[in-house]
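The next block holds one structure in the form of structure tokens; read it before the comments.
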Amino acid sequence: MQWFNDFVGNAADLLIRPARAKYILDQLLGGKSGSFVMNRKRMKRLDFVLPNCQGHQIQASLYLQGERMEDAAGKNCVVYLHGNCGCRLD
């Protein structure tokens, strides 16, 4: 019966806390430089880290319309938070 309990526990872990995706910066939009073109406009991805209240480091990206923060002033901002089975590749 222990094997069944282990099986159910492992299956639940896959649903509740799936394995983290492994990726490198080159796979993110804009690659290592973070620069890319979308709808014929230059864009920039800025990566940064946010600490949470448990002391974990949350990896985040800010996507700018333009190459600098000043270029994005007054433009729209979209905040996207992926779920427990997502990652920055979403």
Side-chain angles (χ1 to χ4, degrees):
M1 194 61 155
Q2 182 61 38
W3 67 269
F4 182 75
N5 289 336
D6 291 342
F7 173 77
V8 170
N10 290 335
D13 286 343
L14 287 174
L15 294 173
I16 296 169
R17 189 173 187 88
R20 291 185 185 267
K22 298 200 185 301
Y23 59 89
I24 57 175
L25 284 179
D26 283 339
Q27 293 175 286
L28 295 177
L29 191 58
K32 284 184 185 173
S33 72
S35 295
F36 59 98
V37 176
M38 181 180 289
N39 295 332
R40 296 184 299 249
K41 295 180 183 172
R42 304 233 16 104
M43 311 290 271
K44 180 78 172 178
R45 185 193 79 247
L46 299 176
D47 299 320
F48 60 99
V49 176
L50 294 170
N52 70 8
C53 54
Q54 288 90 25
H56 297 137
Q57 306 245 326
I58 308 299
Q59 302 295 320
S61 296
L62 175 64
Y63 293 89
L64 302 174
Q65 296 181 47
E67 289 286 323
R68 304 172 320 210
M69 189 70 81
E70 296 80 23
D71 298 334
K75 305 257 175 58
N76 293 331
C77 175
V78 175
V79 176
Y80 170 74
L81 304 171
H82 64 72
N84 69 330
C85 61
C87 71
R88 290 169 58 196
L89 293 174
D90 292 351

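Interatomic distance, CE of Met38 versus CD of Gln65, reported as 10.0 Å (0.5 Å rounding). In this structure, CE on Met69 lies 5.0 Å from CG on Leu62, to the nearest 0.5 angstrom.
Taking every heavy atom of both residues into account, Tyr23 and Leu89 meet most closely at CB-CD1, 3.6 Å. Of all the heavy atoms in Ser61 and Arg88, the pair that sits closest is OG-NH2, 2.9 Å.
With sequence neighbours excluded, the residues that form a side-chain hydrogen bond (donor to acceptor under 3.5 Å, both in side chains) with Asn52 are Gln54. In this structure, the salt bridge (charged side-chain N to carboxylate O under 4.0 Å, His left out) partners of Asp71, at least two apart in sequence or on a different chain, are Arg68. Partners of Gln2 under the side-chain hydrogen bond (donor to acceptor under 3.5 Å, both in side chains) rule, at least two apart in sequence or in another chain, are Asp6. When the side-chain hydrogen bond (donor to acceptor under 3.5 Å, both in side chains) test is applied to Arg45, the partners found at least two apart in sequence or on another chain are Asp47. Looking at residues two or more places apart in sequence or on another chain, you find no side chain to side chain contact (heavy atoms under 4.5 Å, CB included) involving Asn76.
Taking 4.5 Å as the limit, every side-chain heavy atom of Leu25 sits out of range of all side-chain heavy atoms of Gln27. Side-chain contact between Met43 and Leu64 is absent, with no heavy-atom pair separated by less than 4.5 Å.
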Side chains of residues 28-35: which donor-acceptor partners sit under 3.5 Å, not counting sequence neighbours?
unit_1	atom_1	unit_2	atom_2	d
Ser33	OG	Gly30	O	3.3
Ser33	OG	Ser35	N	3.3
Ser35	OG	Glu67	OE1	3.3

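Note on Leu46 and Val49: separate hydrophobic clusters, where clusters join Ile, Leu, Val, Met, Phe, Trp and Tyr whose side-chain heavy atoms are under 4.5 Å apart, directly or indirectly.
With a 6.0 Å radius and a threshold of 12 heavy atoms from other residues, nucleotides or ligands, Lys22 has its NZ atom at or below the threshold.
Clustering of Ile, Leu, Val, Met, Phe, Trp and Tyr side chains at separations under 4.5 Å leaves Val37 isolated, with no partner residue.
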